[in-house]
S.K.: 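Please read through the structure below; I'll follow up with questions.
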Amino acid sequence: MSDERDLVFDTLERMSSDIFIDRDVLRPDYVPEVLPHREGEIKRLTEVLAPILRRERPSNIFIYGLTGTGKTAVVRYVLRRFEDYARRKRLSHIAVAYLNCRHEDTTYRVLTELARSLGERLPFTGLSTAEVFKRFKEALDATGKSLIAVLDEIDFLVKKRGDELLYRLTRVNSELSKGKVSLIGITNDVRFMEVLDPRVKSSLGEIEIVFSPYDADQLRDILRERAVKAFKNGVLEEGVIDYCASIAAREHGDARRALDLLRVAGEIAEREGRRTVSVEDVRRAREEIERDMIVDVSKTLPFHGKLVLLVVALAGGRFDSTGDLYIKYRELAKGLGVEPVTQRRVSDIISELDMLGIVTTKIINRGRYGKTREVILNAEPNALIKAFKDDPRISWIFGNSRYR
DNA sequence: CGTCCACAGGAATGACGGGCGG
DNA sequence: CCGCCCGTCATTCCTGTGGACG
């Protein structure tokens with residue numbers, strides 16, 4: 001989580017471990033030297049960016065792929081190589097900015113970060129955004145640099161602030177005499193492009209690169225590659241990597257998930273003072289991760305969101321129609337002495353749960369008997385119910401035998 | 001082959017609270 | 001510090017829709 005952990009503490013911890021050599025290798029923000037099964041994407045990205053070496057402006061790039069398909073890793077990897085290459089060849093006109101819009105989610109912050117990558121120093125607050133934009137342009141023109149600006153999780157920025165900034169950034173080249181800007185937008189939201197202004201859409205989507213999910217074999221290669229660096233020799237028992245790979249493959253080929261499983265399994269074994277990691281540890285890691293995820297999600301969910309989720313869990317994790325769900329939801333709300341929200345709102349809540357990945361919905365047409373959504377929980381109902389017992393506004397209802 | 005079910009989900013609107021610029 | 005704006009949660013009203021049934 002935090003990038004500035006205590007070096008001494010960290011080192012001691014690492015040295016005293018019987019399991020890990022370097023657990024950070026398994027963390028999501030680690031960029032490995034080898035990215036198995038992404039050779040095509042790396043090549044494509046390199047080709048598109050290559051003109052920058054001839055001082056030409058590379059096309060804007062839009063990258064789409066589900067979580068854990070290596071989008072960020074590939075981009076960071078390629079950019080790092082470009083920077084190395086530029087340094088070696090003494091090409092000083094190349095500048096790179098990487099920012100994650102989940103964190104940099106205001107116009108001001110994005111612009112100051114971009115300006116900073118050009119060596120411009122700006123206060124973190126105090127200037128108008130127009131002023132920051134002006135200085136950013138001046139810095140570009142003054143240095144004559146070609147900037148590659150990576151906007152990771154770009155959908156967050158657009159959802160919060162709209163596509164105004166993107167529009168201006170895609171147009172900025174025509175206002176510049178010397179500097180150049182190329183954008184790389186990364187997202188895992190399929191519908192992201194649809195919400196964009198058509199002008200931004202065509203400009204950002206000059207080049208599109210789609211990352212497809214990994215299959216189990218590919219995940220296994222990735223895990224093996226990292227495990228060598230992360231774990232001491234012989235720590236992983238037979239089948240551990242295969243099991244992690246197969247779980248993650250089933251859950252839409254998410255490599256981050258696979259690596260998380262492996263790391264948490266290692267931490268469980270370590271915590272218990274064992275010297276090897278077993279398949280059982282992976283199973284427990286999966287439960288632990290799921291529990292954490294549910295707790296995290298339920299913390300951010302609106303109150304009635306929690307209730308809807310609880311209703312699904314109490315029903316064993318599945319509803320064949322949203323109508324049934326709503327009836328049960330009303331009962332629960334009334335049982336709690338809470339005024340239920342409307343069916344329309346519950347419909348949106350279900351969509352939100354779907355987007356968060358905690359529930360999967362599927363539109364079902366039953367002809368004469370109407371159209372509805374089937375709702376399936378992506379988690380162990382009991383784990384979820386347990387998590388909700390901590391919420392004081394809900395927990396007391398479990399005293400009622402009906403809900404036990 | 002048209003109807004009509006049981007919802008999906010868009011649009012407009014409002015209450016409320018927090019943050020930000022002046 | 002105040003007023004304004006914006007995001008979030010929610011309501012009301014609404015139009016759209018795939019296919020089993022008659």
Side-chain angles (χ1 to χ4, degrees), chain A residues 100-113 115 122-136 153-168 187 189-198 201 296-312 315 318-334 336-377 388 391-394:
Chain A
N100 188 315
C101 302
R102 195 193 287 262
H103 184 226
E104 266 70 55
D105 60 354
T106 67
T107 311
Y108 190 93
R109 257 187 259 166
V110 169
L111 287 172
T112 47
E113 279 305 310
L122 291 168
F124 63 90
T125 183
L127 301 175
S128 74
T129 50
E131 175 65 19
V132 180
F133 198 80
K134 195 174 129 244
R135 295 219 198 157
F136 168 60
E153 307 203 70
I154 193 171
D155 46 308
F156 277 83
L157 178 67
V158 172
K159 263 174 221 152
K160 288 197 85 168
R161 309 284 145 160
D163 52 11
E164 170 79 24
L165 175 62
L166 287 185
Y167 177 63
R168 298 201 60 183
T187 183
D189 183 347
V190 205
R191 306 196 324 188
F192 172 70
M193 273 305 211
E194 294 166 22
V195 305
L196 290 180
D197 183 307
K201 189 173 166 179
D296 280 359
V297 166
S298 71
K299 263 184 207 148
T300 63
L301 233 41
F303 179 65
H304 289 278
K306 295 181 191 183
L307 291 189
V308 170
L309 199 49
L310 181 56
V311 164
V312 179
R318 184 193 175 94
F319 272 101
D320 294 335
S321 88
T322 52
D324 296 348
L325 193 159
Y326 186 65
I327 291 166
K328 291 287 176 197
Y329 156 79
R330 281 190 79 96
E331 281 177 22
L332 179 70
K334 293 208 170 124
L336 282 164
V338 175
E339 194 60 31
V341 297
T342 55
Q343 188 160 6
R344 179 68 188 82
R345 178 60 190 142
V346 169
S347 171
D348 276 344
I349 287 172
I350 293 167
S351 302
E352 285 161 29
L353 294 173
D354 192 2
M355 286 208 286
L356 287 165
I358 198 160
V359 129
T360 304
T361 68
K362 196 174 145 198
I363 293 168
I364 302 285
N365 276 296
R366 284 183 292 200
R368 175 62 254 262
Y369 302 104
K371 172 184 162 186
T372 185
R373 274 186 297 176
E374 175 189 72
V375 180
I376 298 166
L377 188 65
F388 278 120
D391 191 317
R393 295 170 75 186
I394 294 172

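In this text, all values refer to a predicted model and were calculated from it rather than measured experimentally.
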S.K.: Please check if atom CZ in R168(A) has more than 12 non-hydrogen atoms from other residues, nucleotides or ligands closer than 6.0 Å.
M.R.: no

S.K.: Could you tell me the separation between the CG atom of D348(A) and the P atom of dC7(B), rounded to a whole number of Å?
M.R.: 16 Å

S.K.: OP1 or OP2 of dA8(B) versus the side-chain N and O atoms of S347(A): is any pair under 4.0 Å?
M.R.: yes

S.K.: For L307(A) and dA10(C), what is the distance between atoms CG and P respectively, to the nearest whole Å?
M.R.: 10 Å

S.K.: Let me have a per-nucleotide readout for nucleotides 14-22 of chain C, 5' to 3', with B, S or -, counting only protein heavy atoms under 4.0 Å.
M.R.: --BBBBBS-

S.K.: Could you give the CD1-to-C1' distance, from I349(A) to dG9(B), as a whole number of Å?
M.R.: 15 Å

S.K.: Taking only Lys NZ, Arg NE, NH1 and NH2, and the carboxylate oxygens of Asp or Glu, determine whether K334(A) and E339(A) approach each other closer than 4.0 Å.
M.R.: no

S.K.: Tell me whether the OP1 or OP2 atom of dT11(C) has a side-chain N or O from R345(A) closer than 4.0 Å.
M.R.: no

S.K.: Nearest 0.5 Å please: distance from the CD1 atom of I349(A) over to the CG atom of L309(A).
M.R.: 10.5 Å

S.K.: Starting at atom CG of D320(A), determine the distance to atom C1' of dA8(B), rounded to an integer number of angstrom.
M.R.: 17 Å

S.K.: Roughly how far apart are L336(A) CG and L307(A) CG, rounded to 0.5 Å?
M.R.: 6.0 Å

S.K.: Rounding to a whole Å, what distance do you find between L353(A):CG and dC9(C):P?
M.R.: 12 Å

S.K.: Within this structure, what is the CD-OG1 distance for the pair E374(A) and T360(A), rounded to the nearest 0.5 Å?
M.R.: 9.5 Å

S.K.: Can we say R344(A) and D348(A) salt-bridge, meaning some charged N sits less than 4.0 Å from an Asp/Glu carboxylate O?
M.R.: yes

S.K.: Under 4.0 Å from OP1 or OP2 of dC7(B): is there any side-chain N or O of S321(A) that close?
M.R.: yes

S.K.: Counting just side-chain N and O atoms, does T342(A) come under 4.0 Å of either OP1 or OP2 of dT11(C)?
M.R.: yes

S.K.: How many whole angstroms separate atom CG of L325(A) from atom C1' of dA6(B)?
M.R.: 14 Å

